[in-house]
Amino acid sequence: MSARLVLLGPPGAGKGTQAARLAERLGVPAISTGDIFRSNITNGTELGRRVQDITASGALVPDELTNELVRDRLGQADATEGFLLDGYPRNVAQVAALDEILAAARRELDLAHELTVDPQVVVERLAKRAEIEGRADDTEDVIRHRLDVYAEQTAPISQVYAARGLLVQVDGLGEVDDVTARLLAVLSPSRS
């Protein structure tokens, strides 16, 4: 089943976990800008050096860099028939950039899933992940700052996709399998 999807939700909502699961079920690549940035930081690449200070402070990587990365990634062969974007777009300007990228390729977005979660649960999840993974970008202060940034910049994307009839909100709390089942349930044959 091919699908062109966006997965929205605040940091710690479970987007990465669900993106991987959905992508596997749908046979499309999961494209996570956050994972790509972290990999570049770990590997000491030029891009990694450019974004390391930005992400460590909890700020977002500039749109120009992120749009360039996504344009390149969506142009790769494995994304021709479908993809699942995790962490992009993160603001209304990036929605416009994604529209341009897709229009140039004569493609359209099929659906935007939004995982909804309680903010306190997000703080707890990310703090626990920081302990397990040793992630410097997941201190409590940084987590709360990222949630504020999400509310200001990323949450309005929901309104854009809702106005287009593409937004489906899905409860992101509960067992991982249950959340996956809820996400898959909203993919009707007419959207695949």
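Residue numbers count from 1 along this sequence. Predicted model only: the values in this text are computed from it and were never measured.
- The shortest non-hydrogen separation linking Ala155 to Ala151 is CB-O, 3.7 Å.
- With sequence neighbours excluded, no residue satisfies side chain to side chain contact (heavy atoms under 4.5 Å, CB included) with Ala104.
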Evaluate Val160 against Val92 for side chain to side chain contact (heavy atoms under 4.5 Å, CB included), listing each step before the verdict.
CA-CA 8 Å; Val160 172; Val92 175; 4.2 Å; yes
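- In this structure, CG in Asp148 is found 12.0 Å from CD1 in Ile143, a value given to the nearest 0.5 Å.
- Considering CD1 of Ile54 and CZ of Phe37, their distance stands at 8.5 Å, rounded to 0.5 Å.
- Summarising the geometry of Arg182 relative to Leu173, their closest heavy-atom pair is NH2-O, 2.6 Å, with the distance given to 0.1 Å.
- Among all heavy-atom pairs drawn from Ala19 and Ala30, the shortest one is O-CB, 3.8 Å.
- Counting heavy atoms from C-beta outward, Pro89 and Tyr161 have side chains that approach closer than 4.5 Å.
- In terms of the side chain to side chain donor-acceptor pair (under 3.5 Å) criterion, residue partners of Gln169 (sequence neighbours excluded) are, by chain and number, Glu114.
- With sequence neighbours excluded, no residue forms a side chain to side chain donor-acceptor pair (under 3.5 Å) with Thr17.
- Counting only distance, with no hydrogens or angles, the side chain of Lys15 and the backbone of Pro10 share a donor-acceptor pair below 3.5 Å.
- The nearest pair of heavy atoms linking Ile31 to Ala79 is CD1-CB, 4.5 Å.
- The 12-atom threshold is not exceeded at CD of Glu24, counting heavy atoms of other residues, nucleotides or ligands nearer than 6.0 Å.
- Side-chain atoms of Leu187 and Leu26, non-hydrogen and from C-beta on, do get closer than 4.5 Å to each other.
- Residues His113 and Val186 form a side-chain contact, since some pair of their non-hydrogen atoms from C-beta on lies under 4.5 Å apart.
- Remark: Glu133 pairs with Arg135 by the salt bridge (Lys or Arg N to Asp or Glu O under 4.0 Å) rule, at least two apart or across chains.
- At least one side-chain heavy atom of Val51 sits less than 4.5 Å from a side-chain heavy atom of Ile41.
- No side-chain heavy atom of Leu5 sits less than 4.5 Å from a side-chain heavy atom of Leu85.
- Atom CG of residue Leu167 and atom CD1 of residue Ile157 lie 10.5 Å apart, to the nearest 0.5 angstrom.
- Taking 4.5 Å as the limit, some side-chain heavy atom of Leu7 sits within range of a side-chain heavy atom of Leu84.
- Applying the side chain to side chain contact (heavy atoms under 4.5 Å, CB included) test to Arg144 and every residue at least two apart in sequence or in another chain returns Gln120, Val123, Glu140.
- Residue pairs that meet the salt bridge (charged side-chain N to carboxylate O under 4.0 Å, His left out) test with at least one member in residues 42-65, sequence neighbours left out, are Asp63-Arg90.
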Residue pair Arg125, Val117: steps toward the side chain to side chain contact (heavy atoms under 4.5 Å, CB included) verdict:
CA-CA 11 Å; Arg125 278 185 184 176; Val117 293; 4.2 Å; yes
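- Residues meeting the salt bridge (Lys or Arg N to Asp or Glu O under 4.0 Å) test with Arg107, sequence neighbours left out: none.
- The shortest heavy-atom contact between Tyr150 and Pro11 is CB-CD, 4.1 Å.
- Counting non-hydrogen atoms of other residues, nucleotides and ligands closer than 6.0 Å to CD of Glu81 gives a total of 12 or fewer.
- Under the 4.5 Å side-chain criterion, counting only non-hydrogen atoms from C-beta, Leu126 is in contact with Arg146.
- Taking the side chain as every heavy atom from C-beta outward, Leu147 and Val122 approach each other to under 4.5 Å.
- Taking Gln159 as the reference, Pro156 meet the side chain to side chain contact (heavy atoms under 4.5 Å, CB included) condition, with sequence neighbours excluded.
- Each salt bridge (charged side-chain N to carboxylate O under 4.0 Å, His left out) pair with one or both residues in residues 163-178, not counting sequence neighbours, appears once here: Arg21-Asp177, Asp99-Arg164.
- The environment of CD in Glu124 is crowded: more than 12 heavy-atom neighbours from other residues, nucleotides or ligands sit within 6.0 Å.
- Residues passing the side chain to side chain donor-acceptor pair (under 3.5 Å) test with Thr45, sequence neighbours excluded: Asn40.
- Residues meeting the side chain to side chain contact (heavy atoms under 4.5 Å, CB included) test with Ile101, sequence neighbours left out: Val70, Arg71, Leu74, Tyr88.
- One finds the OG1 atom of Thr116 at 11.5 Å from the CG atom of Leu8 (value rounded to the nearest 0.5 Å).
- By the salt bridge (Lys or Arg N to Asp or Glu O under 4.0 Å) test, Arg73 pairs with Asp78, sequence neighbours left out.
- Residues Leu184 and Val170 share a single hydrophobic cluster, defined by chaining ILVMFWY side chains whose heavy atoms lie under 4.5 Å apart.
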Residue pair Arg4, Val28: steps toward the side chain to side chain contact (heavy atoms under 4.5 Å, CB included) verdict:
CA-CA 8 Å; Arg4 291 172 298 275; Val28 300; over 6 Å; no
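- Results of the side chain to side chain contact (heavy atoms under 4.5 Å, CB included) test with Val6 over Asp110, Leu166, Leu98 single out Leu98 as the only residue that passes.
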